[in-house]
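Since the structure comes first, as structure tokens, the remarks are kept for the end.
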Amino acid sequence: MIHISPWSIALACVLLIVVALIAGVAITRARRLDRLHQRILASRDALSRLLLRRASEAELLAHVAGLDSGGDPGLVDAARAYIRDGGDQLTTDGLDRRTSAQRRADRVEVNARLERASAVTRAIRETLTPDVRAQIEADPQAAARLEALDATCYRIELTRNVHNVDVAGVRALRSARMVKLLRLAGHAPVPEPIDFDDDTHIGGRGY
């Protein structure tokens, strides 16, 4: 007959509790990482659609408000350049599995796309000055297009901010010792923030 001391039983119980606690924390962190990864991908898809919508709305506003006739064509040109691009990849970290093996080519393409997005932002900021906005708002049809464009610009700022906050959250989680030791992030690459000029109001965010 095997005799087990009470101390051995107590020690085994403590070890089981410790293992259960570690497993619980690990599962919680793994699930949080997965949720953040999914949110990042959703934000990227939304941001890609919003950037294309912003370019289309900017071009439409320019036509409706007469900004493309005899004036500075910068807004229309910048909007059309972004529409012609047609791409939707905003990073090259590979989190969405769309990055090819030619990472350098991908990076050049993404950088050019983000610069085109910044060019649209600058064109909106420089074209839609307070005086021009006042003139546009005098026309109900043009005012409606301006309101739609402003709403999309605001959503772009908000979506990019949420994305980058989630990216920072993932990076912080992945730097934890437990996450590294237990490989809780699996083989998912470390996500990158998305950086471009998205402030379309002179003097800062005016929404």
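Heavy-atom basis, side chains included; hydrogens, waters and symmetry copies ignored. Since the structure is predicted, the reported quantities are computational estimates derived from the model, not experimental observations. FYI, the numbering just counts along the sequence from 1.
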> Under the salt bridge (Lys or Arg N to Asp or Glu O under 4.0 Å) criterion, do Asp197 and Arg125 qualify, and how do the steps go?
Replying inline: CA-CA 11 Å; Asp197 183 0; Arg125 187 169 60 230; 2.9 Å; yes
>> Which heavy atom of Ser43 sits nearest to which heavy atom of Thr159, and what is that distance?
In response: O-CG2, 3.5 Å
>> Can a donor-acceptor pair be found, under 3.5 Å and without considering hydrogens, that links the side chain of Arg160 to the backbone of Ile194?
In response: yes
> Within a reach of under 6.0 Å around CZ of Arg32, are more than 12 heavy atoms found that belong to other residues, nucleotides or ligands?
Replying inline: no
> Where do Arg171 and Glu192 come nearest, in terms of heavy atoms and distance?
Replying inline: NH2-CA, 4.0 Å
>> Nearest 0.5 Å, please: how far is CD in Glu147 from CD in Glu137?
In response: 9.5 Å
>> Using 0.5 Å steps for rounding, measure from the CG atom of Asp45 to the CG atom of Asp88.
In response: 7.5 Å
> Which atom pair, heavy atoms only, marks the closest approach of Ser175 to Ala172?
Replying inline: OG-O, 2.6 Å
> Same hydrophobic cluster for Val162 and Val165, using side-chain heavy-atom links shorter than 4.5 Å among ILVMFWY?
Replying inline: no
>> salt bridge (Lys or Arg N to Asp or Glu O under 4.0 Å), that's the test. Do Asp150 and Arg155 meet it? Break it down for me.
In response: CA-CA 9 Å; Asp150 279 344; Arg155 290 182 65 189; over 6 Å; no
> Roughly how far, to the nearest 0.5 Å, is the SG atom of Cys153 from the CG atom of Leu158?
Replying inline: 13.0 Å
> What is the distance from atom CG of Asn111 to atom CD of Glu115, rounded to the nearest 0.5 Å?
Replying inline: 9.5 Å
> Which of these passes side-chain contact (heavy atoms from CB on, under 4.5 Å) with Thr200: Ile156, Ile124, Leu128, Thr127?
Replying inline: Ile124
> Has the side chain of Arg113 got a donor or acceptor atom that lies under 3.5 Å from a matching backbone atom of Asp85?
Replying inline: no
> If you link I, L, V, M, F, W and Y whenever their side-chain heavy atoms are under 4.5 Å apart, who else ends up in the same group as Val64?
Replying inline: Leu60
> Can you name the nearest heavy-atom pair linking Pro193 to Thr91, along with the distance?
Replying inline: O-CG2, 4.3 Å
>> Tell me which pairs pass salt bridge (charged side-chain N to carboxylate O under 4.0 Å, His left out) where either residue lies in residues 51-63, with sequence neighbours left out.
In response: Glu59-Arg80
> Which pair of heavy atoms, one from Ala62 and one from Leu75, lies closest together, and at what distance?
Replying inline: CB-CD2, 4.4 Å
> Quick one: CZ on Phe196 to CG on Leu47, what's the gap to the nearest 0.5 Å?
Replying inline: 5.0 Å
Enumerate donor-acceptor pairs with a distance under 3.5 Å from any side-chain N or O in residues 35-42 to protein atoms, sequence neighbours excluded.
from: His37; atom 1: ND1; to: Leu33; atom 2: O; distance (Å): 3.4
from: Arg39; atom 1: NE; to: Asp166; atom 2: OD2; distance (Å): 3.1
from: Arg39; atom 1: NH2; to: Asp166; atom 2: OD1; distance (Å): 3.0
from: Arg39; atom 1: NH2; to: Asp166; atom 2: OD2; distance (Å): 3.2

>> Let me confirm one number: the CG-OH distance from Leu114 to Tyr82, rounded to the nearest 0.5 Å.
In response: 7.5 Å
> What are the two closest non-hydrogen atoms of Val120 and Ala78, and how far apart are they?
Replying inline: CG2-O, 3.4 Å
